[in-house]
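Reminder, nothing fancy here: chain letters follow the sequence lines and each chain counts from 1. Hydrogens, waters and symmetry mates play no part in the numbers below; they use all other heavy atoms, side chains included. All figures in this text were calculated on a predicted structure; none of them were measured in a lab.
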Protein chains: 2
Amino acid sequence: MTDTVLSSPTRETVIGFDRPFAIIGERINPTGRKLLAEEMKQGDFSRVETDAVAQVAAGAHMLDVNAGIPLADEPAILAKTVQLVQSLVDVPLSIDSSIVEALEAGLSAYQGKALVNSVTGEDEQMERVLPLVAKHGAAVVAITNDETGISTDPDVRFEVARKIVNRAADHGIPYSDIVVDPLVMPIGAMGTAGQQVFHLVRRLRVELKVNTTCGASNVSFGLPNRPAINGAFLAMAIGAGMTSAITNPLEPEISRSIMAADVLAGHDADCAAWIKAHRQPAAEGEGRRRSNRRRSAG
Amino acid sequence: MTDTVLSSPTRETVIGFDRPFAIIGERINPTGRKLLAEEMKQGDFSRVETDAVAQVAAGAHMLDVNAGIPLADEPAILAKTVQLVQSLVDVPLSIDSSIVEALEAGLSAYQGKALVNSVTGEDEQMERVLPLVAKHGAAVVAITNDETGISTDPDVRFEVARKIVNRAADHGIPYSDIVVDPLVMPIGAMGTAGQQVFHLVRRLRVELKVNTTCGASNVSFGLPNRPAINGAFLAMAIGAGMTSAITNPLEPEISRSIMAADVLAGHDADCAAWIKAHRQPAAEGEGRRRSNRRRSAG
């Protein structure tokens, strides 16, 4: 029954075992989006603004914010993006960077309790990121690789997760503030990728009692009709006990699959969000959002 | 690694733990289809013919055949329907009736190894149906209710399944020829219906080592956008280990969800069926069918 509580100045989002699946909007990320990268570097944040508002309207409970632009001042841009997004939408943010200075700048600019994305099981990284998470009273995404890379054995990845949870505890960070990413491989390259994730999510939930997240779209890399694979993957992951994902709520097949899986997992009381979304198709996002809010308060 | 092998004179379908999910086409059933019921009663089987061919073209690995028409000679109509369908398509059939005489007539008309649908845990029913299954060397769907009705406790339903498996063994029917239906309730009436099925499917697979099936569409009864709920349910059920369902392959959202879940469960080697279906959208059914055949031979 673990709850990970994130907040903005005016709103809480709870990632939890018995709650509607938490959608963390993935769009504010210049990686692989050349135009967005160039615009952000030039100080044009119009696309960030559009993406922020659209994702929340489509049902995102949080937004991931990444400013990883080659040869740019990432800490400054990430801090500015965090401030801008917080001025536009009220959902809590996931502050996303592989550069510790950028995480620090983003956290300093953030108002509320953020999700830091991410820390790995590498010793040096843990010793730099975890004190920052503790200092800001944030939660953190734990990625299950370490100095040796990403193991193809999910039970090795489980042990990396355990190591991060234990190390975080040394820094005063409770396991309820760790959201573990089991790492999703492309199913086209590794046929066992799905089974590995479902197995690992169950172990993480039962044995470490932690919430989980993932970059869901990686699973369909290289395949045709990616939204259909992503949608089925998310439904199966929710069935296995996954509690959040960094994904694209603007993709109808993904939103619909998550909502349906919430119904089937018993996380949409009286199917209220599902029925409401279909009564007013234009307000689907609003339906989910209200539902999460109601649960958070309860 | 349990395999349930069904056959027609020219083709085998295997329902099994590590195989593509077996789709049993649900359409040849006059229940709730007034026009079809009236036509079948009058001896007009044109709609049966169309449904048989269309479902196999859409990827059905088996067809369910039901002739439950009030005030009609069900044994005679079922036998005739079985013969007709076998003359049109080569997939094995599920012979579906609650009347033992109709099951007997259907089995007598059938060529190959059929799936008898169904036996419950009621003593009198078991003592009538199981000898028939044994005599014809058929397999049988076991429904997890008994004299006391359908328990809302999935662990009671598990015990009913165990009772049927044990009783079948007394008649010389191996557990590999029992396909258990955990019974799917409408999620709109019982919020735990999904979790119950997933829990029960896992227990049935691990503890009784039996294959499983269900009437999938019942889960969405009364809700809007039923194909989306059914599709997510089937993906989650496959994730939990379910190995077949009686469903409608003509519904694109259902077919697509099952195919995607097969990919993610590791049951579509090299994603070959998925890729093929998207290369030649018109031949989606054929893609699945070849895939199942290849595995069956392996």
Q. Are B:R162 and B:Y175 close enough, and set up right, to give a side-chain contact (heavy atoms from CB on, under 4.5 Å), and what steps lead you there?
A. CA-CA 10 Å; B:R162 191 205 299 274; B:Y175 69 91; over 6 Å; no
Q) In terms of side-chain heavy atoms, does A:D153 have a donor or acceptor partner in A:S151 at a distance below 3.5 Å? A)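 Looking only at side-chain atoms, A:S151 and A:D153 do not form any donor-acceptor pair under 3.5 Å.
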Q. Can you find a side-chain donor-acceptor pair between B:N29 and B:T31 that sits under 3.5 Å?
A. yes
Within the 4.5 Å heavy-atom criterion, are [X] and [Y] side-chain neighbours or not?
X: B:N145; Y: B:V160; answer: no
X: B:H267; Y: B:F17; answer: no
X: A:T144; Y: A:F158; answer: no

Q. What residues, two or more places apart in sequence or in another chain, satisfy salt bridge (charged side-chain N to carboxylate O under 4.0 Å, His left out) together with A:D181?
A. none
Q | chain B contact residues among residues 196-219 of chain A, heavy-atom distance under 4.5 Å | A | A:F198, A:R202, A:V219
Q. Of all the residues in residues 221-239 of chain A, which have a heavy atom that comes within less than 4.5 Å of a heavy atom in chain B?
A. A:L223, A:P224, A:N225, A:A228, A:I229, A:A232, A:F233, A:A235, A:M236, A:I238, A:G239
Q.
Quick check on the structure: residues of residues 182-192 of chain B within a heavy-atom distance below 4.5 Å of chain A, by number.
A. B:I187, B:G188, B:G191
Q. What part of B:A240 is in contact with chain A, defined as an atom under 4.5 angstrom from a non-hydrogen atom: side chain, backbone, both or neither?
A. neither
Q. Passes side-chain contact (heavy atoms from CB on, under 4.5 Å), A:N117 versus A:I24? Steps please.
A. CA-CA 11 Å; A:N117 185 6; A:I24 306 171; over 6 Å; no
Q: Kindly determine whether B:N248 and B:E26 satisfy side-chain contact (heavy atoms from CB on, under 4.5 Å), including the steps that lead there.
A: CA-CA 6 Å; B:N248 185 359; B:E26 72 180 11; 3.3 Å; yes
**Q.** Test side-chain hydrogen bond (donor to acceptor under 3.5 Å, both in side chains) applied to A:R19 and A:T4, A:T13, A:D3, A:D262, the passing residue
**A.**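 Exactly one candidate clears the test, A:D3.
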Q) Stepwise, does the side-chain contact (heavy atoms from CB on, under 4.5 Å) test hold for A:M242 with A:F21? A) CA-CA 8 Å; A:M242 189 173 274; A:F21 193 71; 4.1 Å; yes
Q. Which bit of A:A193 is near chain B, if near means a heavy-atom gap under 4.5 Å: side chain, backbone, both or neither?
A. neither
